[in-house]
Structure formats: structure tokens, C-alpha cells
Amino acid sequence: MPEFTYEFTASEVVPEFLVGEVQSKLAYVDEDINKATVSPTGDRITLHLRLSPDKQRLAELEEKTQRVVLSMVKGAYKPKVQVLEDHLDRPIPYNLDPHIELAARGEISQETQGVFALGPLVSRLINYFERRFLELADSFEAAPYRFPTLIPARYLERVKYFQAFPHSLTFATHLREDLDAIDHFAQNAACQHDGALTVPLDTFSPIQTLLSPAVCYHLYFALADQSLPQGKVVATAVGNCFRYESINLSSLERLWNFTMREVIFIGEKEFVLENREIARQRMSGVFEEIGLAYRVESANDPFFIGEFRKQAAFQSAFQLKFEIRARLPFKDSTLAVGSYNYHQDFFGRHLNMTLPDGSPAHTGCVAFGLERMAYAFLAQYGFDPRDWPAAFKEVGL
Ligand code: ATP
Ligand code: ZN
Ligand code: MG
């Protein structure tokens, strides 16, 4: 498809530490944007557009883009990045893009943008990492839970998710209980070229349910409006998570539908913070055995444009999030394969989940992205099991 590029000067210079965040948010500015880049100097923006727009449309696109830049950049200050562990220089034998080999071997097959079926090699690797994560959960005697893939809108509303991450939501609906609507659908439903169903929107029931964006929320809701009798909970669960990341979706690095294993801590502030730290130390030993090149550093969540500056600064200031960033040698960058999170008493307050003394419970979670874990490992160690660390003998390849 022919592409049209449009370049202009940013209304505020985007500082280096925000270039990635701003760029990823520009994906949501307009459907006609295929790709958006901010120059390394932060002063020029290039939009790659689907169509060749007229002057008025270009002015509109530029205005919307400038709004994002202004709201994210004005008054932003550089967060102090705190590095808790640095093993980025661990020697690793591979430096090619695993996506190419994965596709060539039929190990990944793309169903649609950001949605992949995974073959036996990736599945065995994921099972192996799962066993290691379950060992971590067992070391805390975490109680196992199973949560649904769907999550009620009411739940997400209560924890302000719609304000924090509206851009990445995925909605679930069904046909209305109406014989004519169902009949009409059965007779006429067909996909257009782009795969979209040709169905009038009023055929669908109003949205009450979404696809879950995280695992631990389900536990907080199960314990909402209660006092925790023991004053603490440690639990673990794995689940499908959905985050629509638009044009940022890419290979196994950034999926629409991915899987997360979490170990979740609920209790007093000290209980949550201490266990988050113990989990990090235990995982440090596991990552050493696995031979992963990575570092653990402070981070923030990818909040939506308007919320970004305030919320991200808050997370940084209170050290609420640390990411395990694995090295991707083929592109000389890093990718978050997991995170150590502390939510303070946010969920305790909003969900009325209390400790025996009546105060709101604090929560935290350790979350691993299973597809990313396998992807980062293959990016560092390649496809020949003879090159893999001894710990992988039990994978059985
Ligand atoms: P990123 O910084 O890459 O956007 P995140 O900060 O949103 O990720 P968390 O909310 O901390 O991620 O989720 C825990 C883990 O889940 C991440 O460390 C990552 O391994 C995985 N994960 C998150 N989003 C995706 C995605 N779109 N595709 C695949 N894995 C993901
Ligand atoms: Zn969590
Ligand atoms: Mg992140």
C-alpha cells in the first residue's frame, strides 16, 4: 500500500527519556497513522499515513499529535532510574532476530495482529519457565487460583482502569437475545477484506464485560468488601491477558493476547514490600541458572496520555514498579519479561479490602510474561539446545 509521510516540528521538544513513551502513544492519535516516529533530538515528528490526506486533514492530524506531545511533555521531569540488578553483560551465544527462525520453523503462526499460535519448542520452553515460576510461588506457599478470561466492566470501573489505560481495552459482547437480530446475523454475517464483520452495531448487546488485562485484579475482587481474617494472603495464578497495543503490536514482544503468571501478596505494607524483595532475590538465583542477560530497574506503567505524567511520576517517586528487562542482542535493546509491583493500599481502598484492624490492605504482585520470557531466551541463546545452559536439560529437547 502506498504510504505518505508528513513531518513537522514538535510544539515541545520531547526529552530523550520520553521519546519511546510518546512514540507509542502516537499510535492512538488517528486510525490513518501507520507509524509515528519522534527524532532522537526530540524536536521533529514524522507520521507515516495510510492515505494521502488533504491540507485540512493534515492540519487536524498535526493538531491531535501536538496535543499528545504537549500533555505528555510539558512539565515532565526525568525520573531517577534505580537499578537493582545489572546482569546485562552476561555472556550469551546468539544475536539474531528469533522471529525469523520461529516463523521459518512454523513455531509461531499469526492468527491476526498480536495473536499467535505457538508450536512445541516455544510451548516446552514456556512450560519450563512456568515450572520455575511455580517453584517461586511454592517457596511462599502461595495458594493456587484460577481466574476467568472475562472481567466485568463494573470491576474495572471500580479500580479506575478506564481512566488509566482506556487505549488498550478489549471489549467482549454477544448478540442481543432477539430472534430477529440472531436470524439476521446468521443469514448475513460475513467478513470484509480487513476481516471486520459486517454487522450493524445494534445487533450486539451493550458491553458489560471485557477481556481481562491482568491477573491479580481477579483476586482483589474476590476479596473485595471483606476483612482478611488472617491479615495476609499469598496466591498465585496464570491467565490470559489482553492489551490492545495498536501498531506497537509486534511478534512475541508485544501481543494483544498474552499469558501472565503472577505471585500476589496482600497484607500490611511491610509484608508486601518484604515479600516483593524476597521474590526478587530468589528470582535472581533462577535467572542466573537460566543464564539470562537482564537488569532490574525502576519503571512506570504505560498510562494513557492525560494520566501519564502525573501517574508515572507518582510510581517513580514511590518505587512502585521494577521491571526485569532482558537483553535483546539483535536490536541492542531490552524487553520487560516481568515486573515487581507494589500498589500501596490502592486496591484495598477502592475495593474495601481491609486488614483485621480495619485499615485498607496493601497489595503487590510479581508478574511474568510467558511468551516474552521464551522470546527473550531464544533471542539470547538461539535454537540449538546444545548452546543452552545446563538448567535446560530437563526441557527434553
Ligand atoms: P511494557 O512496559 O512492555 O509495556 P508493562 O509495563 O505494561 O509492559 P506489566 O503490566 O508490568 O507490563 O505486565 C507484566 C508482564 O507482562 C510484562 O513484564 C511483560 O512480560 C508482560 N506483558 C505486558 N504486556 C505485554 C504484551 N502486550 N505482550 C506480551 N507480554 C506483555
Ligand atoms: Zn498484578
Ligand atoms: Mg512497562
Side-chain angles (χ1 to χ4, degrees), residues 20-21 23-25 27 79 81 99 108 113-116 118 122 126 129-130 133 137 142 145 147 151 159 161 164-165 167-170 211-221 233-266 272 275-276 279-280 283 292 294-304 308 311-312 315-316 320-326 328 333-344 346-347 362-377 379:
E21 295 283 1
Q23 219 163 246
S24 73
K25 291 301 181 304
V81 177
H99 180 86
I108 51 172
Q113 206 198 3
V115 180
F116 287 86
L118 305 179
V122 181
I126 285 179
F129 291 124
E130 262 286 73
F133 299 143
Y145 278 77
F147 299 124
I151 193 161
V159 297
Y161 202 90
F165 306 106
H167 52 302
S168 62
L169 294 168
T170 312
L211 296 178
S212 191
V215 173
C216 58
Y217 291 15
H218 292 276
L219 181 67
Y220 309 144
F221 279 100
V233 175
V234 183
T236 188
V238 65
N240 262 299
C241 295
F242 299 81
R243 295 182 191 172
Y244 180 70
E245 305 211 26
S246 181
I247 55 178
N248 303 314
L249 293 167
S250 129
S251 183
L252 300 191
E253 279 183 46
R254 203 166 281 287
L255 296 162
W256 186 1
N257 179 176
F258 62 99
T259 336
M260 214 193 288
R261 160 67 63 183
E262 292 202 35
V263 182
I264 306 154
F265 304 104
I266 311 179
V272 173
N275 281 302
R276 179 177 76 155
R280 183 186 69 74
M283 283 315 293
L292 194 74
Y294 72 101
R295 85 187 206 172
V296 176
E297 64 182 30
S298 54
N300 54 259
D301 281 314
F303 296 103
F304 191 55
F308 182 80
Q311 301 274 25
Q315 281 194 324
S316 301
L320 302 188
K321 185 180 180 89
F322 290 94
E323 281 182 336
I324 306 156
R325 301 202 65 92
L328 294 183
S333 71
T334 60
L335 177 69
V337 294
S339 57
Y340 302 110
N341 305 289
Y342 170 48
H343 316 117
Q344 299 175 310
F346 179 85
F347 292 104
H362 289 239
T363 64
C365 68
V366 178
F368 303 102
L370 301 184
E371 296 83 359
R372 278 197 191 175
M373 201 55 227
Y375 184 81
F377 176 77

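Counting starts at 1 for both ligands and their atoms, following the listed order.
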- Item | Y294 side chain reached by V337 side chain, heavy atoms, under 4.5 Å | no

- Per-atom contacts, ligand 1 versus K321 - under 4.0 Å to a heavy atom: 6 (O), 9 (P), 10 (O), 11 (O)

- Message: Using a 4.0 Å cutoff against the non-hydrogen atoms of E245, which atoms of ligand 1 qualify?
- Response: 24 (N), 26 (C), 27 (N)

- Message: Are the side chains of Y375 and V122 in contact, using a 4.5 Å heavy-atom criterion?
- Response: no

- Message: Keeping to distances under 2.8 Å, can you name the protein N/O/S atoms close to the Mg ion (ligand 3)?
- Response: E323 OE2

- Tell me which protein heavy atom sits closest to atom 4 (O) of ligand 1, plus the residue, atom name and distance to 0.1 Å. R254 NH1, 3.0 Å

- Task: Find out whether P213 and F165 are in side-chain contact, i.e. whether some heavy atom of one side chain is under 4.5 Å from a heavy atom of the other.
- Result: no

- Side chains of V159 and F346: does their closest heavy-atom pair fall under 4.5 Å? yes

- Query: Among protein heavy atoms, which lies nearest atom 24 (N) of ligand 1, and at what distance?
  - Reply: F258 CZ, 3.4 Å

- Message: Using the side chain to side chain donor-acceptor pair (under 3.5 Å) criterion, which residues pair with E371? Sequence neighbours excluded.
- Response: T259

- Task: Give a yes/no verdict on whether any heavy atom in E371 is under 4.0 Å from an atom of ligand 1.
- Result: no

- Query: Looking at F147, Y145, F347, which hits ring pair (Phe, Tyr, Trp, His ring centres under 6.0 Å) with H218?
  - Reply: F147

- Query: What protein N/O/S atoms lie closer than 2.8 Å to the Zn ion (ligand 2)?
  - Reply: C216 SG, E262 OE1, C365 SG

- Message: Once you restrict to heavy atoms under 4.0 Å, what part of R243 touches ligand 1? Side chain, backbone, both or neither.
- Response: side chain

- Item | R372 vs R254 side-chain heavy atoms within contact, under 4.5 Å | yes

- Query: Using a distance-only test with no angle check, is there a side-chain donor-acceptor pair under 3.5 angstrom linking Q315 and D301?
  - Reply: yes

- Note on the structure: When distances are taken from atom 8 (O) of ligand 1, the protein heavy atom at minimum range is R372 NH1, 3.9 Å

- Task: Look at the rings of Y217 and Y161 and say which category their plane angle falls in: under 30° parallel, 30 to 60° tilted, over 60° perpendicular.
- Result: perpendicular

- Query: Which of parallel (below 30°), tilted (30 to 60°) and perpendicular (above 60°) describes H99 and F116?
  - Reply: perpendicular

- Task: Report yes if some N/O of A336 lies less than 3.5 Å from some N/O of ligand 1; otherwise report no.
- Result: yes

- Note on the structure: So the atoms of ligand 1 within less than 4.0 Å of a heavy atom of E323 turn out to be 2 (O), 6 (O)

- Query: Does H343 reach the side chain of C216, with side-chain heavy atoms less than 4.5 Å apart?
  - Reply: yes

- Under the side chain to side chain donor-acceptor pair (under 3.5 Å) test, residues paired with Y244 that sit two or more places apart: none

- Task: Go through ligand 1 atom by atom and flag the ones less than 4.0 Å from a non-hydrogen atom of L255.
- Result: 26 (C), 27 (N), 28 (N), 29 (C)

- Task: Measure up the Y342 and H362 rings against each other and bin them: parallel (under 30°), tilted (30 to 60°), perpendicular (over 60°).
- Result: parallel

- Message: Counting only nitrogen or oxygen atoms and a 3.5 angstrom limit, does S339 reach ligand 1?
- Response: yes

- Message: With a 4.0 Å cut-off on N to O distance, would you call R325 and E323 a salt bridge?
- Response: yes

- Message: Give me the nearest non-hydrogen protein atom to atom 15 (C) of ligand 1 as residue plus atom name, then the distance to 0.1 Å.
- Response: G369 N, 4.0 Å

- Check whether any side-chain N or O of T236 sits under 3.5 Å from a backbone N or O of E262 as a donor-acceptor pair, and report yes or no. yes

- Item | Nitrogen or oxygen of F368 less than 3.5 angstrom from that of ligand 1 | no

- If only atom types and distance count, is the side chain of K321 paired as donor or acceptor with the main-chain N or O of A312 below 3.5 Å? no

- Item | Atoms in ligand 1 with a heavy atom of G338 nearer than 4.0 Å | 18 (O), 20 (O)

